[in-house]
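Just below is one structure, and these are the notes that go with it.
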Amino acid sequence: MEYTQLGRTGLKVSRLVLGTMNFGPQTNESDSHAIMDSALGAGLNFFDTANVYGWGENKGRTEEILGTWFAQGGGRRDKVVLATKMYGNMAAEGEAWPNHDKLSAVNIRRSVDASLKRLQTDHIDLYQFHHVDRNTPFDEIWQAIDVLVQQGKILYAGSSNFSGYKIAQANEQAARRGSLGLVSEQCIYNLVERRAEMEVIPAAQEYGLGVIPWSPLHGGLLGGVIKKTTEGGRRASGRAADALADPATRAQLQAYEDLLDKHGLEPGEAALAWLLTRPGVTGPIVGPRTAEQLDSALRALELDLPEAVLTGLDEIFPGPGPSPEAFAW
């Protein structure tokens, strides 16, 4: 396993991040525990979750599954860099009440205590804001975070789905307070969706944030979806079905799969390996439903993509370029 520093911090994390969103909704507790054991056994030490995972009436269920895994002992909690997120309303359906969502100091305090209980731990290594809150000033947010750090309940703070200017705004306010500020940004980033390269990733690099891409296979589109549907007899659904119905997108994906097939590469593994070559990227989040999917993700760490493949991928999926050049002379 390869390790790197998380942004400008001294924290060492694996180049792949274990995403747990499927634990509960898609993968039962026993299988989820087995996947986490396999990941830890392979040296993967960075686990990501969120308080809302489990969804619907089961919000919080994913954190509970991690908690029962930690409770088994064996050094599990000490070996893991634990990241979770807060923002969404955690109240049961029909029981929503003001101040049960977003980034007010009240909700930050309530949310961290609830996550600690579900996770069966006394601290969270990386506490992330799942979305921007345009109605709460960063001075209030950092005041709440500083208290949690002083209490030892969290160690670092990160963002998710922030724009470049919000990253700058957050860290400028943190600097004025003498606070550490954001140390990571979790954003959608993959070969199909490269808009983060315009401003989000440059802002993250400027302020010393590690970039943690989510949806690295863009909902399965970059995992060889055409071959799986034509040769495997599967029917595409959701985002994949919509994409394949568009002739231009289908042609793009076909060119992608043909390029990788020519070089004997598995599409999903190559898509992850490409992200590992990108400036500023700490490691992509992989969300396996099965042990086999975890094994495939781990193989991406061993790939050294040839220059011809990297060039070909840029030709098939051209990025937007940095700002302001992307939209100005």
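Computed from a predicted structure; not experimentally measured.
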Any donor-acceptor N/O pair, D125 side chain to A83 backbone, under 3.5 Å: no
CA sep, side-chain torsions, deciding dist, call: K12, V81, side chain to side chain contact (heavy atoms under 4.5 Å, CB included): CA-CA 9 Å; K12 294 180 180 178; V81 174; over 6 Å; no
Stepwise side-chain hydrogen bond (donor to acceptor under 3.5 Å, both in side chains) check, D31 with H33: CA-CA 5 Å; D31 289 344; H33 285 185; over 6 Å; no
Derivation of the salt bridge (charged side-chain N to carboxylate O under 4.0 Å, His left out) call for E193 and R195: CA-CA 6 Å; E193 178 51 82; R195 284 178 293 178; 2.8 Å; yes
R15 side-chain N/O to P284 backbone N/O, donor-acceptor pair under 3.5 Å: no
Closest heavy-atom pair and its distance - R61, G54: CB-CA, 4.2 Å
Non-hydrogen side-chain atoms of Q120 and L66 separated by less than 4.5 Å: no
Verdict with reasoning, D113 to K153, per salt bridge (charged side-chain N to carboxylate O under 4.0 Å, His left out): CA-CA 8 Å; D113 285 343; K153 293 182 178 181; 2.8 Å; yes
Single-linkage hydrophobic cluster L217~L313, side-chain heavy atoms < 4.5 angstrom: yes
Same apolar cluster (I L V M F W Y, side chains within < 4.5 Å links), L40/L18: yes
Distance, nearest 0.5 Å, that separates CG of L103 from CZ of R134: 11.5 Å
Side-chain (R118) to main-chain (E64) donor-acceptor, under 3.5 angstrom: no
Minimal non-hydrogen separation, L221 against V225, with atom names: O-CG1, 3.5 Å
R289, CZ atom: more than 12 neighbouring heavy atoms under 6.0 Å: no
same_hphob_cluster(I141, V149) at 4.5 Å side-chain heavy-atom cutoff: yes
Under-4.0 Å salt bridge between R176 and D139: no
Cation over ring face, R77 and F70, 6.0 Å, 45°: yes
Atom CD of E325: over 12 foreign heavy atoms under 6.0 Å: yes
Side-chain heavy-atom pair L276, L301 within 4.5 angstrom cut-off: yes
Closest contact, heavy atoms only, L259 versus V309: CD2-O, 3.9 Å
Under 3.5 Å donor-acceptor, K228 side chain and G223 backbone: yes
Distance in Å, L253 CG paired with L191 CG, rounded so as to fall on 0.5 Å steps: 10.5 Å
S115 side, atom OG; R110 side, atom CZ - distance, nearest 0.5 Å: 12.5 Å
Nearest-0.5 Å distance, OG1 of residue T27 to CE of residue M21: 11.0 Å
Step-by-step side-chain hydrogen bond (donor to acceptor under 3.5 Å, both in side chains) determination, N161 to W214: CA-CA 10 Å; N161 305 307; W214 62 266; 3.1 Å; yes
Hphob cluster co-occupancy, V183 + V211, side-chain heavy atoms under 4.5 angstrom: no
Donor-acceptor under 3.5 Å (S111 side chain, I108 main chain): no
Over 12 non-hydrogen atoms of neighbours within 6.0 angstrom of CD in E206: no
Contact summary for N45 and S14, nearest pair of heavy atoms: OD1-N, 2.8 Å
Identified side-chain hydrogen bond (donor to acceptor under 3.5 Å, both in side chains) counterpart of E185 within the set S160, S163, S159: S159
Where A105 and E140 come nearest, the two heavy atoms and their spacing: N-OE2, 2.9 Å
ILVMFWY cluster, L260 and V192 together (side-chain gap under 4.5 Å): yes
Heavy-atom check, side chain of V17 versus side chain of V286, under 4.5 Å: no
Pair D133, H131: side-chain N/O donor-acceptor within cut-off below 3.5 Å: no
Of T49, T84, N51, the residue whose pairing with T62 passes side-chain contact (heavy atoms from CB on, under 4.5 Å): T49
Non-hydrogen side-chain atoms of F129 and L182 separated by less than 4.5 Å: yes
E29 side chain to I65 backbone, donor-acceptor under 3.5 Å: no
Parallel, tilted or perpendicular: ring planes of F138 versus W142, cut at 30 and 60 degrees: parallel
Flag, side chain of H100 to backbone of W97, donor-acceptor distance under 3.5 Å: yes
Modelled atom types, side-chain donor and acceptor of E197 and Y189, under 3.5 Å: yes
Check: E257 side chain, I226 main-chain N or O, donor-acceptor pair, under 3.5 Å: yes
Stepwise side-chain hydrogen bond (donor to acceptor under 3.5 Å, both in side chains) check, S179 with D146: CA-CA 7 Å; S179 302; D146 288 345; 2.8 Å; yes
Worked verdict on L126 versus S184 for side chain to side chain contact (heavy atoms under 4.5 Å, CB included): CA-CA 9 Å; L126 177 63; S184 64; 3.5 Å; yes
4.5 Å side-chain heavy-atom contact, W69 and D37: yes
Heavy-atom pair of closest approach, residues N190 and P216: CB-O, 3.2 Å
T290 (side chain) donor-acceptor with Q293 (main chain) under 3.5 angstrom: yes
Pair Y127 and Y156, ring centroids less than 6.0 Å apart: no
Point-to-point distance, once rounded to the nearest 0.5 Å, from OH of Y207 to CG of N171: 7.0 Å
Side chain to side chain, I167 and V200, heavy atoms closer than 4.5 Å: yes
Heavy-atom side-chain contact between Q186 and Q128 under 4.5 Å: yes
Side-chain heavy-atom pair I212, D48 within 4.5 angstrom cut-off: no
Rounded distance (nearest 0.5 Å) linking atom CE of M36 with atom CG of L44: 12.0 Å
Side-chain donor or acceptor of Y256 paired with backbone N/O of L222 under 3.5 Å: yes
Test log, rule salt bridge (charged side-chain N to carboxylate O under 4.0 Å, His left out), inputs R299 and E302: CA-CA 5 Å; R299 287 194 292 272; E302 303 170 4; over 6 Å; no
D314 with R194: basic N within carboxylate O range, under 4.0 Å: yes
